[in-house]
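Worksheet for the structure shown next.
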Amino acid sequence: MGDYRKLWESLQMDLEKHDALCAVLPELYGSVYLSQKDRAEAMNYFNFVISEVHGLRIEELNNHRQKGGKVVGTFCVYVPDEILNALGVIGVGLCGGSQFWIEDGEKVLPRNLCPLIKAFVGAKISATCPYFQSCDLLVGETTCDGKKKAYEILAEYAPTYVMELPQMKREKDIKDWEAEIKRFINEIENLTGNKLTYENLKNSIKLINKKRRALKRLYELRKNTPSPISGLDALLVSQIAFYDDIERFTENVEKLCDELEKKISILKANRKKRLMVTGTPMAIPNWKLHHIIENLDAQIVVEETCTGTRYFENEVSEDGETIDDLIRNIAERYMKINCACFTPNEGRVEDIIRLAEEYKVDGVVYYNLSFCQPYSVEYKRVEKALKDKNIPLILIETDYSTEDVGQIKTRIEAFLEMI
Amino acid sequence: MFYIGIDIGSTATKVSVLNEDNIIKNIALPTGWNSKETAKSVEEILKKEGFFEEAKIVATGYGRVSVPYAHKTVTEISCHARGVYHLTKKDFTVIDIGGQDTKVIELKNGQVASFLMNDKCAAGTGRFLELMANILGLTLEEMTDLARKGESVQISSMCTVFAESEVISLIGNGEKRENICSGVIDSVINRVYSMVQKTSSSGDFFLTGGLCENDYIVERLSKKLGKNVKTDKLARFAGSIGAALFAKNI
Ligand code: SF4
Ligand code: SF4
């Protein structure tokens, strides 16, 4: 990494503490990622992005802002990137995935709260995440109670705007969401001084559809037995999707797919069990579960999570005569995301069963971040549905700490012996 | 050829030796601080008894990775299941109250059909009982003996740390020791019971692990589950017997 201290300083970061964070990441990345065998050449791009995660990309954000552009941070895949991009904003996903921030988060939040929330609040108040520091606005949403209330605390530290996300999926709710997107457009127009037009919105929709299509192509390749890419690598690509430059990212995912396509014909069969992970998101650098699983005789072939299929499935329809048509299309596409914050959420159960068949999985790991209520309550319904289909399932409830790694390993190992 | 299963648990290590037809030897020793050291002691014992030279060895338990001479490792969940099925030839729901963790394993045709394991916390495990016995200045046996004579007081906290202060304040309030002992046992039994509730098991129960030799625990557990909980004089060794059986497949 180059010397970015001046840049970090200008972002009012706590440099000393940030050094401590920077010290742990390379080692973790080395042992989890670089130690993998037979990785695709094209993963080098993503290695590079990670090695520059607090460097080059931050400089890009900074340059953008120097030129008068804005950067907006988001916390949920429901916040429409199409709008941000059309209005010249760089959107960055800000979910915190590191244990490093938990302690600071717990200074202002109860301990028995989802680690994702504790980490992102901790990242902001400790001023150690350059993405947070680069944001002109944070955009929250009314999903789970924990996040909803945490935005009130975040707002004390940075300008924060909250979108009201419906909790059901009736026609009325889609209309509400459409109206909410319009309010959001207003907000971002005011922030940037730019105006949303039919052209810039349509181009933005096309651009982001392309990105989704590239990710979908990557996932399609994982349907092959054996999958040409590890679950760890696929997860990394999904995580990077949240903050990398859209065009460059898409191009590199396509390159990766080209290489993997060629690789498929020379892959030898192995005895690894094929697993699906379903549940709560895994924000960078949360690689804990994938790392445990793929060090055993198993491969993760699909993630039904927001850092997986929920991020890219369904495109925004590009048909529409007016700007309102396009906005309606956006509302419709987003309301197809099946998140446990909605009731009912039968769509998710159907997705899991469909994906289990499409990806020919031997079993499903239900990943639940500790204290995430929506997903842990929904477990029962998923369990019942999978039981009816004779698909083996195991529940792993955990946070970012490493103390339970041994126990999780035993459980997964026993699960693999069972299926 | 000997088939040897070594089950290194957090408190006790169990070793079973099988030949083609029978279980010929079971050995138990404390695990101590270091499972690598324990594995060495086991190696010495096996050598002295003449089992080591021609043997297939499977290690299990939380210390399974510390046995360099094992040919294979298998988790304690699969081993307990296999061991119990070998001893009983029946599809039981196996309850294993271990030192660090408690497991409920459902069998179907002798195979693991599903299992549950407690989370990080020690509630409902042997460790919890040991801690509480310690606070009361008793051994585990003394604690269960006293509990038999007591009338259970409620210990409402499931968390070991809070339960500890609850017990201390009960002692401070002059509550009878036998009643506290009874309450402690109840708290473990309740925890195991709620784990069993989470499974769909309707079958018969079989208790393995260190506590299975304790009649009183078996009695209380049976009462709570509303079903006779079976066990066996070899139930302690279910894990190592299962491991030895896996050694036969190598
Ligand atoms: S899990 Fe739900 S709340 Fe969380 S990012 Fe996904 S859609 Fe948003
Ligand atoms: S994982 Fe669950 S609790 Fe955590 S932010 Fe997402 S929905 Fe909320």
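Throughout, protein chains are lettered first and strands after them, A, B, ... in sequence-line order, and every chain is numbered starting at 1.
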Open item on the list: Quick check on the interface: out of B:Thr75, B:Thr73, B:Val74, who has the most heavy-atom pairs with chain A under 4.5 Å?
Closed with: B:Thr75
Task: Euclidean distance, A:Ile396 CD1 relative to B:Met117 CE, rounded to 0.5 Å - done: 9.0 Å
Open item on the list: I need the B:Ser78 OG to A:Glu413 CD distance, nearest 0.5 Å.
Closed with: 9.0 Å
Open item on the list: Check this for me: A:Glu27, atom CD, are more than 12 non-hydrogen atoms of other residues, nucleotides or ligands nearer than 6.0 Å?
Closed with: no
Task: Atom pair CZ/CD of B:Phe246 and A:Glu417 - distance to nearest 0.5 Å - done: 6.0 Å
- [ ] Please look at B:Ala113 and chain A and tell me whether the side chain, the backbone, both or neither of the residue comes under 4.5 angstrom of a heavy atom of that chain.
- [x] backbone
Open item on the list: Quick check for you: to the nearest 0.5 Å, what is the distance between A:Glu383 atom CD and B:Ser114 atom OG?
Closed with: 8.5 Å
Open item on the list: Using a 6.0 Å cut-off, check whether atom CD of B:Gln154 has over 12 heavy atoms from anything other than its own residue.
Closed with: no
- [ ] Would you name the heavy atoms of A:Met418 and B:Phe115 that are closest together and state the gap between them?
- [x] SD-CD2, 4.0 Å
Task: Toward chain B, the part of A:Ile394 with a non-hydrogen atom under 4.5 Å - done: side chain
Task: Heavy-atom neighbours of A:Glu103 CD exceed 12 at 6.0 Å - done: no
- [ ] Flag yes if more than 12 heavy atoms outside A:Gln373 fall under 6.0 Å of its CD atom; otherwise flag no.
- [x] no
